[in-house]
Number of protein chains: 2
Amino acid sequence: MICEKIKLWKDDNEAYMQTYILHNSQEYKTGERRPAVIICPGGAYFKATDRESEPVAMRFATLGYNAFVLKYNTYYGDKIIDRKNPPPGNENTAYPQPLYDIAQAILTIRENAENWLIDTNKIILCGFSAGGHLVSGMGVHWQDELFTAKFNVDSELLRPSALILGYPLTDYLVMREGAKSDNPGAVAFQEIANKIVFGKTNPSDEELMKLSPVNYVSDKTPPTFLWHTADDESVYVSNSLRFATMLTKYKVPYELHIFESGVHGLSLADETTAANEKHVRPDCQVWFDLAATWLKKRLGSN
Amino acid sequence: MICEKIKLWKDDNEAYMQTYILHNSQEYKTGERRPAVIICPGGAYFKATDRESEPVAMRFATLGYNAFVLKYNTYYGDKIIDRKNPPPGNENTAYPQPLYDIAQAILTIRENAENWLIDTNKIILCGFSAGGHLVSGMGVHWQDELFTAKFNVDSELLRPSALILGYPLTDYLVMREGAKSDNPGAVAFQEIANKIVFGKTNPSDEELMKLSPVNYVSDKTPPTFLWHTADDESVYVSNSLRFATMLTKYKVPYELHIFESGVHGLSLADETTAANEKHVRPDCQVWFDLAATWLKKRLGSN
């Protein structure tokens, strides 16, 4: 396995990919190209959590994927979250930089496809929570001028083959309404998180909708696998229900699995990603196998 | 196993239950009460199809359930569907008779609980397609005066412990809009089906909404497991998405699984229920195991 940290940009931008490229053995599958998966961990754009990084890459490796964990631009980056030093707001907003990061990741994988033995017809994006916001954002915007203007490349090079979304944030209006009816703590947390993404605590409806991928679903959106828990108290399940409703409207192939119960941020829902016992949910663990079955059906065997 | 045909009403009403009551062996679980499942097959109220009957009962039997297939009142009943002799309409409508049938089934099982060794705290309703319409209807209306007036019993005796809904019809407005945008064949089929349920081909919005369970979901609705295929061309997936949205709103525990593709009426999606090769969908077969896991979590082991 080739495990390298690949810096995405030449300047002092901190975004990078951690690679998990399978052994090009001389004994089997020699020289065969494999599909790629870009894993975008969540973390409310405070950081990209390790809990949704390497263990997820390992599972994709078992399916024969070359995996790339994308540490896109977040407020704290690889530093420890310092609650005494929250984002100040009124400075550079996060967006659209994380979208540029994931686009750059896709292009970097394409540029190195021969060296890393990547099947460039199979580039999957997999995101959790805020990483699901990023992945669904790339899924609905890949064909936009935003990218052609920045990278000066054919849009088709940025088209993801499929999306895997774990408890994704897709609709900031759902988030705001949910927090209001929930509790003051949820509102306060959103206000801090909004500082990072929007540069302000209380964005307007228009600003919230502009960064809500659910509003941009079209027949160009790639096939999508979603999963969520119905009682997620951080990223409400309506984010996935609304996204599925739009996928239905545009006849985009999709699969959706909503489990009855589980805290936000389950990742693999087993011991390999648990920071505490609430993260172990045997009934939800099946999501990865369901995703694997779905990917195999969509993309064929590896 | 006790396999009997139990007539539900004393008069010439044709509704009946087919029982699959597990052996009360003297060697294990002797005298232990088991949960009950009432299975309501679909068939657009033309009939209650055998494809969603005995094989489904067999699967519940493997989980230790006593199963009851409910052949509720339908237009053709146990007769073969005669396409040359379609329902005339303008006669007695089906509703609410099928709801009375399922209520009577629940009460009959309670009355025979000692004899059949039923755990009356665990009475599950499982419906497919039109049977899912019936089951979701019972799920949202069990506490209504409709039943107390008819049966003169405490409503609590009619409360289902949980609902299992396979590609259920829950919203007649979704059905009408979907058929309009689909094709004339779908509209024509719905008009005939409407004759049975509503007594007319083109019910008003108000009439359609009145018989749409999605509009009556409340915090009294039992925990619910739903599954559907996203490209179901007969009962559109929005029936399940909308129902899940309402369950979310009222914080009813639920689980929802939407598979990417599969024709309407998959039943178990394996060879045991297939009338043709389209009914075999290995990727969808997992729904029953997901439902079994969910039931075990909700109701405990049997």
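Here is how names work: the chains are called A, B, and so on, in the same order as the sequence lines, proteins then strands, and each is numbered from 1.
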Between chain A and chain B, going by a 3.5 Å limit, which atoms form donor-acceptor pairs, if any?
{"residue": "Glu255(A)", "atom": "OE1", "partner": "Glu260(B)", "partner atom": "N", "Å": "3.3"}
{"residue": "Leu256(A)", "atom": "N", "partner": "Ile258(B)", "partner atom": "O", "Å": "2.8"}
{"residue": "Leu256(A)", "atom": "O", "partner": "Ile258(B)", "partner atom": "N", "Å": "2.6"}
{"residue": "His257(A)", "atom": "ND1", "partner": "His257(B)", "partner atom": "ND1", "Å": "2.5"}
{"residue": "Ile258(A)", "atom": "N", "partner": "Leu256(B)", "partner atom": "O", "Å": "2.6"}
{"residue": "Ile258(A)", "atom": "O", "partner": "Leu256(B)", "partner atom": "N", "Å": "2.8"}
{"residue": "Glu260(A)", "atom": "N", "partner": "Glu255(B)", "partner atom": "OE1", "Å": "3.3"}
{"residue": "Glu260(A)", "atom": "OE1", "partner": "Trp294(B)", "partner atom": "NE1", "Å": "2.5"}
{"residue": "Glu260(A)", "atom": "OE1", "partner": "Arg298(B)", "partner atom": "NH1", "Å": "3.0"}
{"residue": "Glu260(A)", "atom": "OE2", "partner": "Arg298(B)", "partner atom": "NH1", "Å": "2.4"}
{"residue": "Asp283(A)", "atom": "OD2", "partner": "Lys297(B)", "partner atom": "NZ", "Å": "2.6"}
{"residue": "Trp294(A)", "atom": "NE1", "partner": "Glu260(B)", "partner atom": "OE1", "Å": "2.6"}
{"residue": "Lys297(A)", "atom": "NZ", "partner": "Asp283(B)", "partner atom": "OD2", "Å": "2.6"}
{"residue": "Arg298(A)", "atom": "NH1", "partner": "Glu260(B)", "partner atom": "OE1", "Å": "3.0"}
{"residue": "Arg298(A)", "atom": "NH1", "partner": "Glu260(B)", "partner atom": "OE2", "Å": "2.4"}

Report summary line: Note: vs chain A, highest number of non-hydrogen pairs under 4.5 angstrom among Ile258(B), Leu241(B), Leu247(B) is Ile258(B)

Query raised in the report: So which part of Leu226(B) gets closer than 4.5 Å to some heavy atom of chain A, the side chain, the backbone, both or neither?
Result: neither

